[in-house]
Amino acid sequence: MTFTDFNLHPLVLDGISAMGYSKATPIQEQSIPIILEGKDLIACAQTGTGKTAAYLLPTMHQILSSKSRHLNALILAPTRELAQQIDQQAEGLSYFAGISSIPVYGGGDGFAWEQQKKAMEQGADIIIATPGRLLSQLQSKKVNIDHLQHLILDEADRMLDMGFYDDIVRIISYLPKKRQTLMFSATMPPKIRSLAKQILHHPVEINLALSKPAAGVNQIAYNTFDNQKLPLLKHILADAQFSSVIIFASTKDHVKQLDRELQKLPLGVKAFHSDLEQDTREEIMRDFKNRKLNVLIGTDVLSRGIDIEGISLVVNYDVPPDAEDYIHRIGRTARAATTGTAITFINEKDQFRFGKIEQLIDRVLPKTALPESMGEAPVYEPQKKRETHFKKNFSNKKR
Ligand code: AMP
C-alpha cells in the first residue's frame, strides 16, 4: 500500500517522500485510516515497525486542517532518547508542512527549562514530552493546554514500568476531555488494559507484530535454587517420552559443565558452542537430525534459525536474558503445528527476567512443584526483584 492511498495532505506526502518512505508498513496501513477517522486507538506494536510515523502522519494531516494550531498534539514517551527520536522524525516529516514540534524532557540545565517553557507558552503544534518534566511545566501554570486535540502515549508499557502512572493520570487531568487519544505499547499486560479503559473512548484495537509462542507448546516452569537444577534436569531426562531434547544454558561454560554431567547418562549427548570447528558443528547437527543424538546442549547460538522437525522438549536451564529469546528458544519445539514441551528453570536471580517474559507472552505460567525428594523451591516474587532493579536504574531518570 502506498501513502497516496490514504488521502493525506499533499504537504505531508511531500515530507514522506523526503524521508524516503515508499510503502506503508503493516502498522501504518492499519492505524492511519482509523486515526484519520478521528477514532481512539490502542495498538500493540514494537519499535522498528514504523509505529512513530503511523501516528505522526495522520496527526499532522489533522493539524493542517485544524483551526487551532496552538499546542494541538501531545506525545508522551518514557525516555528523553525516545522523545528526541520522535522529535527528529516529526521534524523530517513536517519539513514541507511547517508544523512545529518541541521536545520537553528533563536532565538539561535552567536554560533548557526556560527554552521549553517559552516554546510551550508560544504554542508549538506538537509537544513531545517525558511525563515528569511535562508535569512540572504544567504545574508552573504558564502553559495553556486547553486546545489540545490529540494525546498519544508511546511505549505505554515502559512508562508504567518506570513508575509514570500517577504522572500520566495527573497530566490528563489538565487536558480537555474531548480529544483523540492513541496508545501504542509493545506489550499488553493487564495494567495497560486498565489504563486504556480509563483514558480511551471506545478505542479500536490493533494487535501487530507481537511474537507469540506457537500454540502447540506446552510451557512448564519450575522455581529452583541453583543446586536443584541438575538433579531436576536428570529427573526430567529420565522420562522416556522425550526422545529429542535441546537444553539452553546462558554461557559457554555452563554448556560445557552440563555436557560433562550429562555424559554420565545412558543418552547420546553433545554440546554445541562457538568454540567448535564448523565441520564438527555440522556433524553434530546432522547426528541430532538423524536421531543418533538425543540431547543437544547449547547457548542462544542454537535458538535462532535451526529448523529441525520433531524436537519433543526444550529446556531453559537458565532464563534467557532477553524476553524475545524465550520465544525463539521455545519455538524450536512444536514447529509446523506439532506439539512439544518447553520447561524453564527459574532461580531467584532470574525471577525478574521471567516476569518480563510473562508480560511479553501476556500470561503468568503456573509453577510446577519440584519432586518431593528435592526439597523446598524458592518463592516466586518477580515484582520484588523488579522494584529493587528499577529503583537502582531509573529513580534518577524520572524527571
Ligand atoms: P519506529 O518503529 O517508529 O521506531 O520506526 C523505525 C524506523 O523505520 C525509523 O527509522 C523510521 O524512519 C523508519 N520508517 C517508518 N516508516 C517507514 C516506511 N513506511 N518505510 C520505510 N521506513 C520507515
Side-chain angles (χ1 to χ4, degrees), residues 1-36 40-64 73-97 99-105 125-131 150-162 164 180-188 192 204-212 322-324 327 359-360 397:
M1 198 168 189
T2 65
F3 288 99
T4 44
D5 298 328
F6 298 119
N7 272 335
L8 288 165
H9 194 288
L11 292 175
V12 175
L13 287 176
D14 288 345
I16 295 171
S17 311
M19 289 289 276
Y21 304 167
S22 50
K23 268 180 61 196
T25 65
I27 186 76
Q28 292 163 358
E29 240 180 78
Q30 290 197 36
S31 20
I32 292 175
I34 295 164
I35 301 173
L36 287 176
D40 280 7
L41 172 73
I42 175 165
C44 193
Q46 285 146 329
T47 296
T49 53
K51 66 176 168 59
T52 316
Y55 62 73
L56 279 177
L57 294 170
T59 303
M60 286 175 169
H61 171 95
Q62 287 166 312
I63 290 175
L64 285 174
L74 167 63
I75 301 167
L76 291 177
T79 61
R80 60 188 288 175
E81 289 76 20
L82 183 62
Q84 281 168 334
Q85 272 176 47
I86 298 167
D87 186 48
Q88 280 160 10
Q89 258 193 76
E91 272 189 13
L93 290 170
S94 67
Y95 184 78
F96 296 98
I99 292 172
S100 56
S101 58
I102 168 87
V104 174
Y105 47 75
D125 292 305
I126 305 177
I127 309 171
I128 302 151
T130 51
H150 309 278
L151 169 66
I152 299 147
L153 286 89
D154 197 346
E155 295 198 3
D157 50 351
R158 215 161 140 213
M159 286 201 275
L160 294 196
D161 280 348
M162 288 170 69
F164 282 133
Q180 182 179 36
T181 307
L182 316 173
M183 194 154 114
F184 286 76
S185 187
T187 58
M188 281 298 152
I192 284 288
V204 179
E205 186 167 336
I206 294 178
N207 207 325
L208 224 138
L210 183 66
S211 340
K212 289 264 183 238
D322 181 6
E324 284 279 332
I327 312 246
Q359 278 181 24
L360 180 70
K397 281 192 184 172

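Both counts, for ligands and for their atoms, begin at 1 and track the order of listing. Owing to the predicted nature of the structure, the values given are computational and were not obtained by experimental measurement. Because only heavy atoms are used, hydrogens play no part in the values below, and waters and symmetry mates are left out as well, while side chains stay in.
Under the side chain to side chain contact (heavy atoms under 4.5 Å, CB included) criterion, Gln88 pairs with no residue, sequence neighbours left out.
On a distance-only criterion, Tyr21 and ligand 1 share at least one N/O pair closer than 3.5 Å. Between Met19 and ligand 1, a contact under 3.5 Å exists for no N or O pair.
Sorted by first and then second residue, the side-chain hydrogen bond (donor to acceptor under 3.5 Å, both in side chains) pairs with a member in residues 9-24 read Tyr21-Gln89; sequence neighbours excluded.
For the residue pair Ile63 and Ala73, the shortest heavy atom distance occurs at CD1-CB, 4.2 Å. Annotation for Ile99 and Ser94: closest pair O-OG, 3.2 Å, computed over non-hydrogen atoms.
Of the heavy atoms in Lys23, only backbone atoms (N, CA, C, O) come closer than 4.0 Å to ligand 1. For Phe184, no heavy-atom contact with ligand 1 is shorter than 4.0 Å.
When Asp125, Leu11, Val12 are each tested for a side-chain contact (heavy atoms from CB on, under 4.5 Å) with Met60, only one passes: Val12.
Each of the atoms 19 (N) of ligand 1 lies under 4.0 Å from some heavy atom of Phe3.
Taking only non-hydrogen atoms, the option from Asp154, Thr52, Leu82, Leu57 nearest to atom 3 (O) of ligand 1 is Thr52.
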